[in-house]
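Contents: one structure, followed by commentary.
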There are 2 protein chains.
Amino acid sequence: MDWVSVDKLGEHVGQTVEIRGWLYNLRESGKLLFPIFRDGTGLVQGVVSKKEVSPEVFEATRCLTQESSVIVRGSVRKEDRAPGGVELGVEDVRPLQVVSEKDPYPISPKEHGIEFLLDRRHLWLRSSRQHAILKIRHDVIRAVRDYFDSHGFVLVDTPIFTPAACEGTTTLFEVEYFDQKAYLTQSGQLYNEATAAAFGKTYCFGPTFRAEKSKTRRHLTEFWMVEPEMSFAHLEDVMNLAEDFICFIVERVLNDRRAELTVLERSTAPLEKVRKPFPRLHYDAAVKLLGEKGIDFQWGGDFGAPDETAISESFDRPVMVHHYPSQVKAFYMEPDPERPELACCVDVLASEGYGEIIGGGERMSSYEGLVRRIQEHHLPPEAFTWYLDLRKYGSVPHGGFGMGIERCVTWICGIEHLRESIPFPRTINRNYP
Amino acid sequence: MDWVSVDKLGEHVGQTVEIRGWLYNLRESGKLLFPIFRDGTGLVQGVVSKKEVSPEVFEATRCLTQESSVIVRGSVRKEDRAPGGVELGVEDVRPLQVVSEKDPYPISPKEHGIEFLLDRRHLWLRSSRQHAILKIRHDVIRAVRDYFDSHGFVLVDTPIFTPAACEGTTTLFEVEYFDQKAYLTQSGQLYNEATAAAFGKTYCFGPTFRAEKSKTRRHLTEFWMVEPEMSFAHLEDVMNLAEDFICFIVERVLNDRRAELTVLERSTAPLEKVRKPFPRLHYDAAVKLLGEKGIDFQWGGDFGAPDETAISESFDRPVMVHHYPSQVKAFYMEPDPERPELACCVDVLASEGYGEIIGGGERMSSYEGLVRRIQEHHLPPEAFTWYLDLRKYGSVPHGGFGMGIERCVTWICGIEHLRESIPFPRTINRNYP
């Protein structure tokens, strides 16, 4: 007999099928047992009646402990009150491994501390809440790729080992690379500029690394980032792309992952509002807005997390703040031709106070301008020879952005902390399991 | 006026459009100029007639150097002899940056040495051959994701920073992780086993790292690997999956990327033969086959690249060699119950002598067996506590495989060396650009 996954049981009502999985929970009520089984695709409640099964099967079921692995045979019955619309009239239970009562499964339905759970992340992933978050993550990633693949972008993976820093040297991870030093990528952007000049529109999507010493809920040392880059693009094009892209992702999750959002008790009303156009706020206006809210902020600085929260709370959808002062942004930003002290850049702040999820802009296209910036930022010129080549051989206006997947997932899921949005979070204090 | 990408010009026959890109080549013939433009999506030949354009436009076109960036206006004309079926009757040419004749674009149509080209990889990516390879790579990656997403696998990214080695300690890259040491992942497999127990069927797909000192054409220090893992699976299931998966990828490329295969002068006949079933060859039989071919090989060893080539050349499609001796395989392999000196594992060798593209098998499900293996392999037990947990809390038969993307792309493209199958190759001697 072939086996059926729990999410497909609804197609087998009236049939006897086999499922394979683990015991999630067990309730006893006189001559009835109500085991709940999980197989990774969903949960199904079984009903074991003492009169209908052999004493051995009844006893074997009664002795199942949480997370014991089992093969179960039963008839699929329609049951409208059950989450999947079916229950299983159990006929046979074959335990593969019964978890020892002396060393029981450590994660019970009671509350556990976060460090306890993170130490057992390999097991914690089996819980319904983590399932919901990571299935939404899967869907967000699929939406990201579908979006770019269907909009003429070529996936061109940028390297992880790099000879130089891109986003500042204080957060670089250094690797012994045979007899040299290498650094783990902080962003694929510089390489994206080369690939966009080759392919027109490209994106890269992979893990990036920052040796963040901050222990905030918004930082991981290892996170996934998607970065599109377009030739012949100005800041306006970058903003249009970011807006369209975010709407696409949110719509996808709303269409495909209602059940998971419900598990997370995520109110979908704020997500339904994520539609074009997003408000576009000049840095000057953002500073003014902070002043009006009584927040002490000096023009010229970068926004901290509380500032971003205050700005984003003034809008019912993501807001795009553009034209920050060049001095708070990376060296490669194109200056505003009208006010060269400003950069042609944009940060997209998620709604509901979630802060920055996208940062991007137009890149400097002038060779001389870029040489000057590399000097001003005290960057090692030899590491940027290839990058300068892009301004010597057919330079064009170009730009793009980076979106951190974990920040996007955290926002869409409406959860508190980035650490649940990635299967195995890495922070200053954690590189286990 | 909106601009049109070169690959869409066929939809605009009879219209005047603008394209934006770079000069690929320029031919002069009396009062006619034939510039070829590229924009990343394709190439189109323009025709500039001295009688039909202003002297300024004619002269501006004549002065264009290779890779100069331009905005071109012209009328799209049907031209069956042209690769895209159209040519552009040029009306206006606006150069953005004319590459200096004193410092011309370094990659000309003439032959260049491989180190010269790799040093200029950021520019070399603009050439037609590299375009073809990397567009096939894009397609392979899309096929990989489509396959797993449509077969019930959940994408669960495994970490890059790990506390311990998985595939042997000699090829580990070490990172200063604040005040500890961390290692760059060599494989997501151990973590996949945790996620498969949580989600049933999972896959991870990301960069992996091996400090390979070998300078062969089959090794990179940084490469991308996709790794599916299934609960309730035996070796047979792993082989069935690998076979089906490879056929899906090859069929996708044959359907979508004929033009690119033609650029590469790749004979498609061997790819058309990649259909199920693949021959399945027991290790014993593989050793016998080598003997028959006069190759000196002792039973008990692992196959080297020449052995793999000799085996795969005996078949017209990929061959699956299974049940290698445990001693040449990783510590976590399930032993064959009949002959415990053999592992329930499989390597898939690509056709045409390309060697291993997939390695996988069934993982050890017994707690005691795994404890013994960790001791025998002198692995640090504390780093594997979490991994052993998977055999304490509901252990089930499970297995999966890993496929190196670059090896797969190299085979499908029919090219010589892995280094062209990844945008920015990294080897023992190369971490630039």
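Every chain is numbered from 1 and lettered A, B, ... according to where its sequence line falls, protein lines coming before strand lines.
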_Leading residue by heavy atom contact count with chain B [cutoff under 4.5 Å; candidates A:Arg145, A:Glu176, A:Glu67]_ = A:Arg145

*Mind listing the closest non-hydrogen atom pair of B:Ala196 and B:Ser231 along with its distance?*
O-OG, 2.8 Å

*Check whether more than 12 heavy atoms from other residues, nucleotides or ligands sit under 6.0 Å from atom CD of A:Glu101, and answer yes or no.*
no

_Quick check on A:Ile141 against chain B: is it the side chain, the backbone, both or neither that has a heavy atom closer than 4.5 Å?_
side chain

*asked:* With chain A as the partner, which of B:Gly200, B:Ala383, B:Ala211, B:Pro397 has the greatest number of non-hydrogen pairs under 4.5 Å?
replied: B:Ala211

_Options B:Phe209, B:Tyr432, B:Phe199, ranked by heavy-atom pairs under 4.5 Å with chain A, top entry_ = B:Phe199

*In Å, rounded to the nearest 0.5 Å, how long is the span from CG of B:Leu388 to OH of B:Tyr367?*
5.0 Å

_Pair A:Tyr105 and A:Trp22, ring centroids less than 6.0 Å apart_ = no

*Look at B:Leu134, B:Val99, B:Ile160 and state which one has the largest set of heavy-atom pairs under 4.5 Å with chain A.*
B:Ile160

_Let's test your reading of the structure: which of A:Pro423, A:Ala182, A:Ala197 forms the most heavy-atom pairs below 4.5 Å with chain B?_
A:Ala197

*What part of A:Phe153 gets closer than 4.5 Å to chain B, counting heavy atoms only: side chain, backbone, both or neither?*
backbone

*Is A:Arg391 close enough and on-axis enough to A:Tyr393, meaning under 6.0 Å and within 45°, for cation-pi?*
no

*Determine whether the side chains of A:Asn429 and A:Thr427 contain a donor N or O and an acceptor N or O closer than 3.5 Å.*
no

*Taking the six-membered ring of A:Trp124 as reference, does the NZ or CZ atom of A:Arg121 fall below 6.0 Å from its centre and within a 45° cone about the axis?*
yes

*Is it the backbone or the side chain of B:Leu125 that comes under 4.5 Å from a heavy atom of chain A, or both, or neither?*
both

*Do the charged groups of B:Arg20 and B:Asp39 touch, with an N to O distance under 4.0 Å?*
no

*Sequence neighbours excluded - salt bridge (Lys or Arg N to Asp or Glu O under 4.0 Å) pairs with any residue from residues 423-433 of chain A*: A:Glu115-A:Arg430, A:Asp119-A:Arg430

*Max heavy-atom pair count under 4.5 Å with chain B, selected residue of A:Ser100, A:Gly206, A:Gly152, A:Gly21*: A:Gly21

*Check whether B:Asp103 gets within reach of chain A through its side chain, its backbone, both or neither, counting any heavy atom under 4.5 Å.*
both

*Between A:Asp179, A:Asp149, A:Val70, which shows the greatest number of heavy-atom pairs under 4.5 Å with chain B?*
A:Asp149

*Using non-hydrogen atoms and a 4.5 Å limit, figure out which bit of A:Thr385 sits close to chain B: side chain, backbone, both or neither.*
both

_Does any backbone or side-chain atom of B:Pro104 lie under 4.5 Å from a heavy atom of chain A? Answer side chain, backbone, both or neither._
backbone

*Against chain A, work out which of B:Arg38, B:His131, B:Gln130 has the most heavy-atom pairs shorter than 4.5 Å and name it.*
B:His131

*Using 4.0 Å as the upper bound for N to carboxylate O, is an ion pair formed by B:Glu406 and B:Arg137?*
yes

*Tell me, with the steps shown, if A:Glu174 and A:Lys181 meet salt bridge (charged side-chain N to carboxylate O under 4.0 Å, His left out).*
CA-CA 7 Å; A:Glu174 190 177 286; A:Lys181 299 277 181 212; 3.3 Å; yes

*Are the ring centres of A:Tyr183 and A:Phe173 closer than 6.0 Å?*
no

*Mind listing the closest non-hydrogen atom pair of A:Phe424 and B:Thr158 along with its distance?*
CD1-CA, 4.4 Å

*Considering only heavy atoms, which portion of B:Thr202 lies under 4.5 Å from any heavy atom of chain A: side chain, backbone, both, or neither?*
neither

*Where on A:Leu123 is there a heavy atom nearer than 4.5 Å to chain B: the side chain, the backbone, both, or neither?*
side chain

*Contact part of B:Tyr24 toward chain A, heavy-atom cut-off under 4.5 Å: side chain, backbone, both or neither?*
neither

*Choice from B:Thr41, B:Leu390, B:Leu184, B:Thr221 maximising heavy atom contacts with chain A below 4.5 Å*: B:Thr221

*Side chain from CB out, backbone as N, CA, C, O: work out which of these in B:Arg120 comes under 4.5 Å of a heavy atom of chain A, or both, or neither.*
neither

*In terms of heavy-atom pairs under 4.5 Å, which option from B:Tyr387, B:Trp224, B:Phe205 contacts chain A the most?*
B:Trp224

*So what's closer than 4.5 Å to chain A heavy atoms on B:Leu23: side chain, backbone, both or neither?*
neither

